[in-house]
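Reviewing the structure listed below.
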2 protein chains.
Amino acid sequence: MFKPITIKDIALALDLSASTVSRALSDSYEINPETKKRVLEYAEKNNYKRNPIALSLKQRKSYSIGVIVCEVANSFFSQAIDGIESIAYKNGYNIVISQSHDSSDQEIMNIQHLANRSVDGILISLSAETTNFDHIQKLHGAGLPIVFFDRIYDGLATHKVSSDNKKGAKMATQHLINKGYRKIAHLANAPHLSITKERLAGYQEALTENGFKVDPSNITYCHHGGSSQKEVDTAVQYFLSMKDKPDAIFVASDRLSIGCLTALKKFSGNNYDPAIAGFSNSDVLDLFKSDFSSIRQPAFEMGRVATDLLIQLIESKYPVHEYQSVVLGTELIERIKSKPRN
Amino acid sequence: MFKPITIKDIALALDLSASTVSRALSDSYEINPETKKRVLEYAEKNNYKRNPIALSLKQRKSYSIGVIVCEVANSFFSQAIDGIESIAYKNGYNIVISQSHDSSDQEIMNIQHLANRSVDGILISLSAETTNFDHIQKLHGAGLPIVFFDRIYDGLATHKVSSDNKKGAKMATQHLINKGYRKIAHLANAPHLSITKERLAGYQEALTENGFKVDPSNITYCHHGGSSQKEVDTAVQYFLSMKDKPDAIFVASDRLSIGCLTALKKFSGNNYDPAIAGFSNSDVLDLFKSDFSSIRQPAFEMGRVATDLLIQLIESKYPVHEYQSVVLGTELIERIKSKPRN
DNA sequence: ATGAAAGCGCTAACAA
DNA sequence: TTGTTAGCGCTTTCAT
């Protein structure tokens, strides 16, 4: 079938030893330029390619990094992946993407799969469901480099890259307040996620600073990150069921923003039209939903930074003990209008 | 650092030979149940994991398949990837995704990278730019299993999975005609892509059957698949510059649909508002652009079928010479209104 | 039922 | 400068 040419073949053909060929190929200096040329030419002519698997086995290194996100069909993550790619490729690394679909079990399976010595390190944004970190803990303890991005787990001493969620949430909430909205609800992600807590804190801080009281009944969580629309529907219906309905909603994520707008479109009659501001990196939404304000995260940059840190970790000669927590700024795109007087 | 336990370690600890341990682990039957139990228990307790790289080297098989698409941040492809995942994982395969970003050079690099014996087969949807197939040809000739999906290259004898592009395009065009539109332009993808030709054919057939004449000046191509918005802007501006502007546009792809709507929003004044129907798998667009009719492709299913065929190819004992071309149906989601009389 | 040995493709320490 | 040898972790004849 598919039997590529090996170093041995070259050695045989050129009447050299395998090691000499290897040396020629890896541009070692302790070699006769003449021999080197012969080898290189022969290799080129016969389309020789290093077998990366053999190399991996030998070097205990695969030059590939695992990426775990909840889903690629999400503007934020696909942009982050582009950033990851850009740095990984530049450094000679492959990336292996797997999706948790916000399921903790799936995430564990993915991690195990990747960790089985086939990736040199892992870049992970946690699933909405994950509350138990044993598997990650263990792997990290065993020496596998791991860098968190976006959805962080603070309990692990390693590099972390996220955006300034609190500030972003605060900006968004303040923006709603500025526009005249007075009962601002919060559609939140799974409660244990780092981003959930931070965004909640920003929301609360904005309210408090403006003399509003924080009413827990104005906050609904989506425990599965909105991975099923039903979950979001339920949350939105809850808002709709309130006697005094919110006049604005601050939505915690890209996924939820889409889900929330979908649900509102489905359930709310013409007489109810709350202002919406939410985290979102969707170009499409931004473009066609003209009354939706969004907080944009520097997803591409986040991917780049996280990958850079991971590769540093992987390639470090000595165990690293100083870990960084990088926090990137967000941007508010204002689209909603002032609240109409009535 | 990260030094996992190996078969040797187990053998040493249990005073057995490596081969016996291997047999126990791989559930061979020529082994003493007692020994087997001991090994299994020890392995379990010490968290033994097979080294997949060593296995790959030995078996000349990596249990991973490469996927090449233009970008994951595209509803159609991300849905297809979900389908690919579902089948791949079920069969014990990993997937390695890489993006061509519709650049031919990038695509070649990706293919080379994947093909270097580190994947067992490749699933590919061609980049918009690709006109030279030598690299694919060569790899396929060398025995690497390749399955095309969506954007096919007919010149290669292998499995192909696509949707019924011609029919879909025809439906869409007919739909526009039914709604009363008379000058229907076509915003097409790169001219050499299979999908471009098929969709063009459907468009033309619908026009012809309805007694319209096909006017080439109503057709604009995006040679890079709309990977830069500028390209789409130019195309749309061309339509806008026409003396007799089209009253409807049939758009060839997901990416282009978004690009086209974006461009129209940017450039067209209030006095020009053509009806748009296009290929798109975007939930968001579907939801919030209420006057946009879309042709939906069974992306998930396409991914499933293609992966299934690829795995068949990979696991076939004998060279396969009978290749399938699977064509899946599309669905038209009608949203645009009838043309207003004036 | 178990072990010894070879080999997958490659590199690197050591010898020559 | 080049060759020899061993070994990365695993499976698989072939002996025992």
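Everything quoted here is computed from the prediction, not taken from an experiment. The sequence lines fix the lettering, A, B, ..., with proteins before strands; numbering per chain opens at 1.
- Within 4.0 Å (heavy atoms only), Ser56(B) reaches no atom of the nucleic acid at all.
- When the C1' atoms of four end pairs are superposed on the next four at each end of the helix from dA1(C)-dT16(D) to dA16(C)-dT1(D), using five pairs per end, the two resulting axes differ in direction by 50°, to 10°.
- Under the side-chain hydrogen bond (donor to acceptor under 3.5 Å, both in side chains) criterion, Ser17(B) pairs with Ser19(B), Thr20(B), not counting sequence neighbours.
- In this view, Leu12(A) satisfies the side chain to side chain contact (heavy atoms under 4.5 Å, CB included) rule with no residue, not counting sequence neighbours.
- Summarising the geometry, the separation between CD on Glu34(B) and C1' on dT2(C) is reported as 15 Å, rounded to the nearest angstrom.
- Along DNA chain D, the stretch of nucleotides lying under 4.0 Å from any heavy atom of chain B spans, 5' to 3', dC8(D) to dT13(D).
- Checked for salt-bridge contact, Lys90(B) and Asp308(B) miss the test: no charged N lies under 4.0 Å from a carboxylate O.
- Taking Tyr42(A) as the reference, nothing meets the ring-ring contact (aromatic ring centres under 6.0 Å, His included) condition, with sequence neighbours excluded.
- Evaluation of the side-chain hydrogen bond (donor to acceptor under 3.5 Å, both in side chains) rule for Ser194(A) yields no partner, not counting sequence neighbours.
- A search for salt bridge (charged side-chain N to carboxylate O under 4.0 Å, His left out) contacts involving Glu301(B) returns Arg304(B), not counting sequence neighbours.
- Residues passing the side chain to side chain contact (heavy atoms under 4.5 Å, CB included) test with Lys49(B) are Gln112(A), Asn116(A), Asn47(B), sequence neighbours excluded.
- Under the rule for a side chain to side chain contact (heavy atoms under 4.5 Å, CB included), the partners of Ser98(A) that lie at least two apart in sequence or sit in another chain are Ile68(A), Asn110(A), Leu114(A), Tyr89(B).
- For the salt bridge (charged side-chain N to carboxylate O under 4.0 Å, His left out) test, residues two or more places apart in sequence or in another chain that qualify with Lys36(A) are Asp27(A).
- Applying the side chain to side chain contact (heavy atoms under 4.5 Å, CB included) criterion to Ala73(B), with sequence neighbours excluded, gives Ser78(A).
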(message) For a quick check, with a 4.0 angstrom heavy-atom cut-off, what is the B/S/- contact string for nucleotides 9-16 of chain C, read 5' to 3'?
(response) BBBBB---
